[in-house]
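Report on the following structure.
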Amino acid sequence: MDGDFDRNAMLAALAWQVELGAVDAIDDAPVDRFEVKPEPKAKPAAAAPAPHAPVVTPEVDTVAEARAAAKAAGSLEALAAAQEAFPHCELKRGARNFVFADGRPEARVMVIGEGPGAEEDAQGKPFVGRSGKLLDKMFAAIGLARDAEEAEAALYITNVVPWRPPQNRDPEPEELAMMRPFVERHIELASPELIVLMGNPACGSLLGKRGITRLRGTWHEVSGVPAMPMFHPSFLLRRPEMKRNAWADLLTVKARLEGLG
Ligand code: URA
């Protein structure tokens with residue numbers, strides 16, 4: 001026995017759950033049960049708050065803090081360090097890895113997705129799971145790749161949140177708002193010619209609009225850069241009949257790169 005816990009029994013119970021297929025903590029953030037202190041049996045009367053005393057918590061304007069941290073970053077490396085160190089986003093506590101970007105920052109096209117899934121969280125890179133494989137195929141069809149040697153044919157890939165949301169839930173509006181200054185600075189520093197927004201959370205964060213079925217296929221603008229909303233590859237994996245729309249959107253992007261659109 002180790003204090004109140006039998007460590008080996010707990011590890012065995014955890015291994016059993018993993019064998020059954022459990023992959024996620026139930027809460028948004030993990031709880032270290034070894035750190036949880038038992039409730040004190042009885043609180044001294046003097047320490048009890050008055051029944052209607054207001055709870056005073058220091059106000060932190062997380063968006064303003066994010067804006068200041070992002071603005072101070074003079075390079076992509078500095079931005080990645082500032083975003084990774086940002087302490088106010090709860091997603092950070094439940095993620096294994098910070099996922100900043102992949103591909104070539106000097107690419108003409110910057111793809112912005114939603115947030116890391118399990119595979120991206122494990123590898124610390126965006127779009128490396130099943131939907132990432134489809135994304136690579138989609139862009140290869142118009143001659144673009146994240147590992148292209150020539151900047152002309154390259155892609156730069158990031159997400160609107162850099163930490164995996166638990167159980168792959170959509171990022172909350174507060175999480176998107178806190179991360180938006182970092183994404184906007186990311187765009188400013190990478191300075192792409194065109195942006196592709198993958199799915200509703202990316203459009204919600206950067207266009208302030210959702211409704212990808214209506215938004216896709218027409219040019220919008222993010223930080224002064226033309227932006228094309230498209231169906232997210234994970235949606236296309238579930239609804240392959242929608243791939244023809246994605247193909248049309250990719251051709252629109254290609255035409256614009258060739259100066260035709
Ligand atoms: N889906 C996303 O939106 N981004 C990733 O990085 C992976 C899956």
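Residues take their numbers from the sequence shown, with the count starting at 1. We count ligands from 1, going down the list as the structure has it; atoms in each ligand are counted the same way.
- Looking at E175 and R180, no side-chain N of the basic residue comes within less than 4.0 Å of a carboxylate O on the acidic one, giving no salt bridge.
- Look at D249 and R244 and you find no salt bridge, because none of the NZ, NE, NH1 or NH2 atoms lies under 4.0 Å from a carboxylate O.
- From the protein, the heavy atom lying nearest to atom 4 (N) of ligand 1 is N159 OD1, 2.8 Å.
- In terms of polar-atom proximity, defined here as any N/O pair under 3.5 Å, F127 does make such a contact with ligand 1.
- At under 3.5 Å, not a single nitrogen or oxygen of P126, backbone or side chain, sits near a nitrogen or oxygen of ligand 1.
- Not a single donor-acceptor pair under 3.5 Å links the side chain of N97 to the backbone N or O of V99.
- Shortest contact from atom 8 (C) of ligand 1 to any protein heavy atom: S131 OG, 3.5 Å.
- Nearest protein heavy-atom neighbour of atom 5 (C) of ligand 1: G115 O, 3.3 Å.
- Ligand 1 lies within reach of H232, whose nearest heavy atom is under 4.0 Å from it.
- Remark: the E114 side chain and the H232 side chain contain no N/O donor-acceptor pair separated by less than 3.5 Å.
- Here the side chain of D61 pairs a donor or acceptor atom with the backbone of A64 at under 3.5 angstrom.
- What you find for P201 and L176 is that their closest heavy atoms are O-CD1, 4.2 Å.
- Near G113, meaning under 4.0 Å from any of its heavy atoms, are these atoms of ligand 1: 3 (O).
- Heavy atoms of E120 approach ligand 1 to within less than 4.0 angstrom.
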